[in-house]
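First the structure, in the form of structure tokens, and then the observations on it.
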Amino acid sequence: MSHDSSDQNLQPEELKPEDWAGEMGLKWLASLSLFEEMIAPIGDALLARADYQDGETVIDLGCGGGGTTLAIASAVASAGKVMGVDISPDLIAAAQKRAADTGMANIDFTCADASTVKLPDAPYDRLFSRFGSMFFEDPVSAFSNLHGLVRKGGRIDLAIWGPPRDNLWMMEMMGVVRNYVEVPPAVPRAPGPFAFEDLEYFGEIMDGSGFTNVDVIAYEGLQPVGGVGATPEQAVAFAFSAMAVGRLLSDKGDAIFAAARKELTDVFARHHVPGKGVMMQGKAWMVSAIA
């Protein structure tokens with residue numbers, strides 16, 4: 001499952017870890033509920049696959065605003081505990097407030113780069129990540145560090161994006177952008193949303209960092225772009241304000257921005273389902289492995 005040439009110009013610019021610590025973390029926070037609604041179907045499927053039990057201790061990697069952390073904390077109950085880790089101080093602050101508002105006492109959060117973080121309560125029983133593991137500069141080093149945070153025989157469960165060509169929500173957005181902006185060719189295997197689309201490459205990372213029994217299933221379903229019930233116009237506003245497409249168009253002038261907005265609105269209108277929103281095909285790999 002390698003990159004093919006049809007994907008090369010359609011991927012968004014890669015996001016470095018420092019982007020998530022700053023600008024991208026703030027953008028995610030500003031549209032937190034909409035992002036969470038868009039990827040909730042995949043997160044829910046990953047949580048069901050992970051099947052957490054009372055008393056387990058879990059790391060939630062790339063926990064963002066803490067939505068999955070709260071769900072895991074509920075599953076492991078008061079005898080278990082969850083540590084949410086994210087590189088964005090803004091998202092961690094939001095997650096801490098959210099957890100405090102629930103009164104749950106079995107949650108902690110750490111603002112840190114997961115590739116180097118040390119956790120005093122390690123090793124944990126389990127590790128979970130909904131799209132929080134694809135941005136490492138040195139994936140083998142990062143996953144080796146994570147391996148050391150999970151007890152021997154403990155399990156990790158990850159959701160990672162499948163190939164761009166199977167993620168219509170991204171392909172169609174970037175297709176519109178390409179009509180107005182020259183998008184640099186993607187660098188295969190570079191840090192970014194689709195870093196692990198090639199499962200052979202991902203398997204090499206798992207092997208190189210000490211994980212075994214790697215098991216992958218495909219998740220395919222419709223993503224509500226811009227949140228549940230969004231109109232095409234609302235979905236475009238979300239894409240332009242919160243995602244890489246907006247950044248690519250931001251300095252091209254009002255006329256180009258307006259033309260791209262209209263074209264993307266027309267695209268989203270073709271996928272709009274009344275009452276549900278702009279529903280577009282997504283594909284992710286759900287990975288489990290043993291430390």
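Because only heavy atoms are used, hydrogens play no part in the values below, and waters and symmetry mates are left out as well, while side chains stay in. Along the sequence shown, the residues carry numbers beginning at 1.
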(message) I'd like to know whether Glu220 forms a side-chain contact (heavy atoms from CB on, under 4.5 Å) with Lys283, so could you lay out the CA-CA distance, the side-chain angles of the two residues, the decisive distance to 0.1 Å, and finally the verdict.
(response) CA-CA 5 Å; Glu220 296 186 71; Lys283 182 173 184 176; 3.7 Å; yes

(request) Over all heavy atoms of both residues, which pair between Gln223 and Ile39 is shortest? Give the atoms and the distance, please. (result) NE2-CA, 4.0 Å

(message) Please say yes or no: joined through hydrophobic side-chain contacts below 4.5 Å, possibly via intermediate residues, are Ile217 and Ile160 part of one cluster?
(response) yes

(message) I'd like to know if the side chain of Thr102 reaches the main chain of Ala99, judged simply by a donor and an acceptor atom lying under 3.5 Å from each other, with no hydrogens or angles considered.
(response) yes

(request) Verify side-chain contact (heavy atoms from CB on, under 4.5 Å) between Thr57 and Val76, making sure each step is shown before the conclusion. (result) CA-CA 7 Å; Thr57 61; Val76 301; over 6 Å; no

(request) Give the ring-plane orientation class for His147 versus Phe211, where under 30° counts as parallel, over 60° as perpendicular and anything between as tilted. (result) perpendicular

(request) Give a yes or no on whether the backbone of Leu168 and the side-chain of Gln281 come within a donor-acceptor separation of less than 3.5 Å. (result) no

(request) Please check if the side chain of Asp60 supplies one atom and the backbone of Gly66 the other of a donor-acceptor pair under 3.5 Å. (result) no

(request) Would you check if the side chain of Thr110 reaches a backbone N or O of Val85 as a donor-acceptor pair within less than 3.5 Å? (result) no

(request) Spell out, as yes or no, whether a donor-acceptor pair under 3.5 Å connects the side chain of Ser144 to the backbone of Val140. (result) yes

(request) Say whether Leu222 and Val273 are linked into one hydrophobic cluster, either directly or through other cluster members, by side-chain heavy-atom distances under 4.5 angstrom. (result) yes

(message) Looking only at the side chains, is there a donor atom on one of Asp86 and Ser88 sitting less than 3.5 Å from an acceptor on the other?
(response) no

(message) A side-chain contact here means heavy atoms from C-beta on lying under 4.5 Å apart; do Arg155 and Arg126 qualify?
(response) yes

(request) Measure the acute angle between the ring planes of Phe202 and Phe196, then classify it against the limits of 30° and 60° as parallel, tilted or perpendicular. (result) tilted

(message) Nearest 0.5 Å, please: how far is CZ in Phe109 from OG1 in Thr69?
(response) 4.5 Å

(message) Given Ser133, which partner from the list Val287, Leu158, Leu146 fulfils the side chain to side chain contact (heavy atoms under 4.5 Å, CB included) test?
(response) Leu158

(request) Compare all side-chain heavy atoms of Ser141 with those of Phe136 and state whether any distance is below 4.5 angstrom. (result) no

(request) Look up atom CD in Glu172 and atom CZ in Arg270, then write down how far apart they are to the nearest 0.5 Å. (result) 6.0 Å

(request) Give, for atom CG of Leu248 and atom OG of Ser250, the distance between the pair rounded to the nearest 0.5 Å. (result) 8.0 Å

(message) Check whether Asn167 reaches the backbone of Pro163 with its side chain - one donor and one acceptor, N or O, closer than 3.5 Å.
(response) yes

(message) Contact between Lys81 and Asp121 at the side-chain level, heavy atoms closer than 4.5 Å - yes or no?
(response) yes

(request) Mind checking the CG-CZ spacing from Asp44 to Arg49? Nearest 0.5 Å is all I need. (result) 15.0 Å

(message) Tell me the closest heavy-atom pair linking Leu127 and Val150, and the distance in Å.
(response) CB-CG2, 3.9 Å

(message) Can you give me the closest heavy-atom contact between Lys276 and Pro224, atom names plus distance?
(response) O-CB, 4.3 Å

(request) Indicate the atoms forming the closest heavy-atom contact of Ala73 with Met104, along with that distance. (result) CB-SD, 3.9 Å

(request) Look at atom CG of Asp51 and say whether more than 12 heavy atoms of other residues, nucleotides or ligands are closer to it than 6.0 Å. (result) yes

(request) Kindly give the heavy-atom pair with the smallest separation between Ala239 and Leu264, and that separation in Å. (result) CB-CD2, 4.3 Å

(message) Check this for me, if you would: do Asp198 and Arg189 make a salt bridge, where the nitrogen-to-carboxylate-oxygen distance has to be below 4.0 angstrom?
(response) yes

(message) Using every non-hydrogen atom in the two residues, find where Tyr180 and Ala259 come nearest and quote the distance to one decimal.
(response) OH-O, 3.4 Å

(message) Side-chain heavy atoms nearer than 4.5 Å, only ILVMFWY residues, links allowed to pass through others: does that put Ile156 and Val214 together?
(response) yes

(request) Using only heavy-atom distances, determine whether the side chains of Asp157 and Ser288 contain a donor-acceptor pair under 3.5 Å. (result) no

(message) My understanding is that only one of Ile59, Leu46, Leu61, Val82 makes a side chain to side chain contact (heavy atoms under 4.5 Å, CB included) with Phe128; could you say which?
(response) Leu46

(message) Within the structure provided, determine whether Ile42 and Met286 are in side-chain contact (heavy-atom separation under 4.5 Å).
(response) yes

(message) Looking at Asp108 and Met83, would you say the former's side chain and the latter's main chain have a donor-acceptor pair under 3.5 Å?
(response) no

(request) May I ask whether Met280 and Trp161 are part of the same hydrophobic cluster, defined by side-chain heavy atoms of I, L, V, M, F, W, Y residues being less than 4.5 angstrom apart, directly or through others? (result) yes

(message) Tell me whether Trp285 contacts the main-chain N or O of Glu197 through its side chain, where contact means a donor paired with an acceptor under 3.5 Å.
(response) yes

(message) Could you see if Val177 belongs to whatever hydrophobic cluster contains Ile256? Use Ile, Leu, Val, Met, Phe, Trp, Tyr and a side-chain cutoff under 4.5 Å.
(response) yes

(message) Donor-acceptor pair, distance only, cut-off 3.5 Å: does the side chain of Arg261 make one with the backbone of Phe240?
(response) no

(request) Report the distance from atom CZ of Phe143 to atom CE of Met206, rounding to the nearest 0.5 Å. (result) 4.0 Å

(message) Any non-hydrogen side-chain atom of Gln53 less than 4.5 Å from a side-chain atom of Asp125?
(response) no

(request) Check step by step if side-chain contact (heavy atoms from CB on, under 4.5 Å) holds for Met174 and Val245. (result) CA-CA 7 Å; Met174 295 307 290; Val245 292; 3.5 Å; yes

(request) Considering only NZ, NE, NH1 and NH2 on the basic side and carboxylate oxygens on the acidic side, decide whether Asp266 and Lys262 come within less than 4.0 Å. (result) yes

(message) If I take atom CD1 from residue Ile107 and atom CG from residue Leu70, how far apart are they, to the nearest 0.5 angstrom?
(response) 4.5 Å

(request) Under the side-chain contact (heavy atoms from CB on, under 4.5 Å) rule, what do Val216 and Leu199 come out as? Steps first, then yes or no, please. (result) CA-CA 9 Å; Val216 183; Leu199 289 176; 3.9 Å; yes

